[in-house]
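The chain is numbered in sequence order, starting from 1. Both counts, for ligands and for their atoms, begin at 1 and track the order of listing.
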Amino acid sequence: MIAPEELLASVEADVQQLYRHIDGVALANQARVLQAFHEYRVSEYHLRGTTGYGYGDAGRETLDAVWARVFQAEAALVRIQIVSGTHALAVCLFGLCQPGDSIVALGHPYDTLDQVIGITEATPGSLRSLGVSYHQVPFRGNPGVDCRMLAQSVGPDTRVVLLQRSRGYDWRPSLDLKTMGTLIKAVKDVNPETVVLVDNCYGEFVETREPPAVGADLVCGSLIKNPGGGIAPTGGYIAGKEALIKRVAGRLTAPGIGGEVGPSLDVLRLLYQGLYLAPHFVSEALKGAVLAARFFERLGYEVLPRFDAPRTDIVQGIKLGSPQKIVAFCRGIQKSSPVDAHVIPEIGALPGYEDGVVMAAGTFIQGASLELTADAPIREPYAVYLQGGLSKEYVRLGILEAYREMETLTTKD
Ligand SMILES: *Cc1c(COP(=O)(O)O)cnc(C)c1O
């Protein structure tokens, strides 16, 4: 059998042309970010934050404006008071929906939304418990069928249609922006008042546009994923139509206060710098994902997406086929991490997740998944999801270690 080092060298030759394409996307996104910085005259004093209520926080207000421009939206809320992607999504859904309204989702939303919406049961505090109904349309990955099924499910009481750009923890394709535009048009043709909310986690800067450019009304995500550039220490964002941003800001803080408050403390520089660097670090993560896809594909594993398939998120699914292999893979990724490398990942329960989950995350920022991380819900088809990596060299070392850990397993068994 070919030695793994040799195989990796050969795989690197296979991916050079794809790397050039990724560089082109990064350049276009970098130009858009830089242009927004210039347009709003980002200045040294914007990098200093406020305390207390955070009234008159020029740095925060300018960052909101820059963010809106970068995300091709009318307005944005970028806040360290949004603790995660799940929180950003919950703020949008609770801010928009009232009793009697309904939510339609294309495909099963990300695991942590189960309890926010009350998908399986109307848990206290969930949207379902407040009288908001929920309908799910299966995601087939066939635009014609998906458009028809989605349009059939939308009615006069449909307040929100929820689309997810990334595959999340599901063995399914991610949603590209061209298809997303078609889906949004199908929804608006039936009910122009329906708000299309896009879970943008892991999708930012992977294509040269963002969902508002294809008609999404609101998008949101986490700053410890793509748009924080590996530098933002915490936070989340919501971007979209101005009236809707005003409305959900009232939910984030309180009606009447909205987005006028929210101290930025000492982190504004990190948020600006993270956004500025995000297109590049996303491109490094994408290169790592392409390399991993080709490497494990050549080792005989089924991967999603295929190494040369168009990408719309940074997640790489690898079907390993058994819980033992998943744990070994994660052990290898953890072992090659800069922080907590000596820690051994185990299957555990996480708040918001139904199945047991194993995660490798030896990151500088807790749980930050634009840094190299691997996670897997312990369920069929026993796939591991690899994402991030602030340099492609680091991903290369990580996947080699993951492979070695899986090898010790097969020789022992
Ligand atoms: C990570 C993720 C979320 C939730 O974000 P958290 O910051 O972990 O709460 C939601 N949707 C998708 C697609 C994600 O990848």
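Within the 6.0 Å centre-distance limit, the rings of F296 and F329 are counted as a close aromatic pair.
Between the side chain of Q164 and the backbone N or O of V198 there is no donor-acceptor pair closer than 3.5 Å. Using modelled atom types, no side-chain atom of S43 and backbone atom of H46 make a donor-acceptor pair closer than 3.5 Å. Looking only at distances, a side-chain donor or acceptor of Q316 sits under 3.5 Å from a matching main-chain atom of P305.
Listed by first and then second residue, the ring pair (Phe, Tyr, Trp, His ring centres under 6.0 Å) pairs that reach into residues 223-266 are W67-Y237, F71-Y237, sequence neighbours excluded.
For ligand 1, the atoms lying closer than 4.0 Å to a non-hydrogen atom of S84 are 6 (P), 7 (O), 9 (O). Counting atoms of ligand 1 from 1 in the listed order, those under 4.0 Å from a heavy atom of Y202 are 15 (O). Remark: ligand 1 atoms within the under-4.0 Å shell around heavy atoms of K225 are 1 (C), 2 (C), 3 (C), 4 (C), 5 (O), 14 (C), 15 (O). Remark: ligand 1 atoms within the under-4.0 Å shell around heavy atoms of T86 are 4 (C), 5 (O), 6 (P), 9 (O). Residue contact check: G85 has heavy atoms under 4.0 Å from atoms 5 (O), 6 (P), 7 (O), 9 (O) of ligand 1. Shown in contact with Q164 at under 4.0 Å from a heavy atom are these atoms of ligand 1, numbered in order with element: 13 (C).
Note on E12 versus R294: no salt bridge recorded, every NZ/NE/NH1/NH2 to OD/OE distance being 4.0 Å or above.
Distances between N or O atoms of D199 and those of ligand 1 include at least one value under 3.5 Å.
Heavy atoms of H87 found under 4.0 angstrom from ligand 1: none, in either backbone or side chain.
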